[in-house]
2 protein chains.
Amino acid sequence: MSLATDAADKPTLYKRIRADIEKRILTGEWPPGHRIPFEHELVARYGCSRMTVNKALSELAQADLIERRRRAGSFVRRPQHMSAVLKIADIRAEITALGRAYGYELIGRKLRTATTADRDRLGVRKVGKVVAITCRHSADKVPFAIEDRLIDLASVPDAATADFSREPPGSWLLHHVPWTEAEHTISAIVADDRTADALAIAVGAPCLVIDRYTWRSARTITAVRLLYPGDSHRLVARFKGG
Amino acid sequence: MSLATDAADKPTLYKRIRADIEKRILTGEWPPGHRIPFEHELVARYGCSRMTVNKALSELAQADLIERRRRAGSFVRRPQHMSAVLKIADIRAEITALGRAYGYELIGRKLRTATTADRDRLGVRKVGKVVAITCRHSADKVPFAIEDRLIDLASVPDAATADFSREPPGSWLLHHVPWTEAEHTISAIVADDRTADALAIAVGAPCLVIDRYTWRSARTITAVRLLYPGDSHRLVARFKGG
DNA sequence: TTGACTTATATGTCTAGACATATAATCGTG
DNA sequence: CACGATTATATGTCTAGACATATAAGTCAA
């Protein structure tokens with residue numbers, strides 16, 4: 001055993017190996033495309049078993065920092081695309097996290113057989129029932145966002161009887177319905193009369209729009225459009241890359 | 001040695017174990033907070049060694065689907081926050097991927113000692129040199145985005161001599177400078193005179209704004225503001241969760 | 001030159017153990 | 001009952017092997 005570089009291993013060995021390699025990649029010492037030492041070389045360098053270096057390299061591969069190719073070796077991945085993790089919290093959580101008082105108001109709720117427009121929006125072909133909800137979220141009594149949502153009752157039957165007059169549909173869905181995939185589209189618009197009125201902003205003021213579609217295994221659950229005052233709301237996405 | 005459920009293991013064993021557990025979580029059979037069987041129970045169920053189930057569980061933990069607690073067991077994580085992966089590609093790649101002709105035009109480039117405003121924007125305290133660049137990206141001759149960028153020369157000395165009259169600074173940086181972290185802020189504004197003119201849109205039209213700050217190990221590299229016509233540009237974020 | 005076959009090799013997966021360590025649960029004591 | 005000490009236990013890490021498998025590289029014949 002006798003480690004080549006044992007230097008008081010506070011963290012565990014495989015973590016040190018992983019950190020060592022990560023550092024060289026992130027500093028640019030090992031640029032994209034560079035071949036990382038073979039497992040047997042790292043085994044010799046760190047004086048450990050192959051399973052240990054394998055664990056370190058596997059985690060780096062899972063994090064997309066390196067690419068492993070049989071017989072060829074492991075290589076530093078090139079910064080494929082700048083991808084960012086956008087945290088889109090439940091609105092209530094978002095507001096309370098800011099230390100502001102959360103307010104919620106149900107504006108409208110309709111249970112109806114899906115219209116052509118509804119089916120188009122949800123991306124379903126079968127005719128079925130849907131719940132359409134419009135509501136307003138506020139922070140310290142100031143309008144924060146307008147939510148316009150459609151829920152497919154074929155996927156979420158419980159939504160027909162859920163009480164959305166007190167609990168926002170977003171929170172209810174997040175806690176009652178498991179989802180597997182979703183898609184956001186972010187765009188900007190200017191407020192028309194109705195929007196301006198609902199958000200208590202001027203007509204022609206900028207608004208940030210988030211359209212979100214949520215599925216559970218290829219089955220649409222809900223489609224929602226969130227409207228935020230564009231000058232006061234910001235989406236923040238932090239990310240890491242190589 | 002004699003699998004309890006061996007059923008023609010096309011994928012490898014640990015992958016099947018991982019997929020089995022993942023499925024139960026995603027279908028809601030094991031809701032957030034549910035305790036996953038102990039490793040020794042899974043060892044008995046699948047008739048394999050502990051390292052194999054450990055690998056499956058470790059990957060699920062790395063993917064944030066479960067949480068592991070010593071002595072207590074492994075638990076399904078509650079859907080903490082809806083986090084989305086926002087792919088923000090290099091603009092040139094984004095446009096060519098749409099099958100449109102990419103156009104680039106350098107509007108202004110200045111090398112100067114950082115002003116107070118520059119230092120504030122880059123988040124640096126020391127006085128140093130910066131490069132300020134303004135340029136326009138277009139798709140099929142139509143203005144697509146206006147880029148307003150500041151590069152810290154202390155972090156990226158090569159940027160002083162790089163030729164940004166032909167290559168967009170975003171592409172150049174992505175291919176020449178490794179980065180470790182970045183932050184995006186997305187908001188909406190309405191076009192003022194200068195913006196409207198540069199994007200060939202009407203004054204008062206909505207614009208999507210992306211402010212991006214990029215660092216390499218706590219050191220600011222660049223700050224950029226991208227302005228898109230809000231009605232024609234959309235940011236798409238797909239994501240998966242539990 | 002090209003295509004088909006062979007070989008060497010790096011990674012992929014797995015085993016049957018081991019000791020370390022954090023911590024939930026229990027037990028004892030003031 | 002409250003609180004500190006003890007114990008049991010599940011995960012965390014690691015080893016020294018093994019065989020599987022994809023594939024880069026080399027070999028040879030058409």
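To find a chain, count down the sequence lines: A is the first, B the second, and so on, and within it residues start at 1. Reckoned from all heavy atoms, side chains included, excluding hydrogens, waters and symmetry mates.
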If you measure from the Lys or Arg side-chain nitrogens to the Asp or Glu carboxylate oxygens, is any gap between A:Asp211 and A:Arg225 under 4.0 Å?
yes

Per nearest nucleotide of DNA chain C, the residue lying toward the 5' end, B:Arg50 or B:Lys55, is B:Lys55

Look at B:Glu39 together with B:Lys55 and state whether they make a salt bridge at an N to O cut-off of under 4.0 Å.
no

Can you list everything that forms a side chain to side chain contact (heavy atoms under 4.5 Å, CB included) with B:Ser49? Sequence neighbours excluded, please.
B:Met51, B:Thr52

CD of B:Glu39 versus P of C:dA16: gap in Å, rounded?
16 Å

Would you say C:dT13 has OP1 or OP2 under 4.0 Å from some side-chain N or O of B:Lys15?
yes

Give every pair of a protein N or O atom and an N or O atom of nucleotides 4-6 of chain C that lie under 3.5 Å apart, one pair per line with the distance.
none

Under the side chain to side chain contact (heavy atoms under 4.5 Å, CB included) test, which residues partner B:Ala19, sequence neighbours left out?
none

Is the cationic atom of B:Arg69 (NZ for Lys, CZ for Arg) positioned less than 6.0 Å from the six-membered ring centroid of B:Phe75 and within 45 degrees of its normal?
yes

Among D:dC14, C:dA10, C:dT15, which nucleotide has an atom closest to any side-chain atom of A:Thr52?
D:dC14

Could you verify whether a donor N or O on one side chain and an acceptor N or O on the other, from B:Tyr46 and B:Asp20, lie under 3.5 Å apart?
yes

Does this structure show an ion pair linking A:Glu22 with A:Lys15, if we count only N-O contacts that are shorter than 4.0 Å?
no

Sequence-distant partners of B:Arg71, salt bridge (charged side-chain N to carboxylate O under 4.0 Å, His left out), two or more places apart
none

If we fit an axis to the first five pairs and another to the last five of the helix from C:dT1-D:dA30 to C:dG30-D:dC1, what angle do they make, to the nearest 10°?
20°

With the threshold set at under 4.0 Å for non-hydrogen atoms, list the residues of residues 68-75 of chain B touching DNA chain D in residue-number order.
B:Arg68, B:Arg69, B:Arg70, B:Arg71, B:Gly73, B:Ser74

For C:dT13, does either OP1 or OP2 sit under 4.0 Å from a side-chain N or O belonging to B:Thr12?
yes

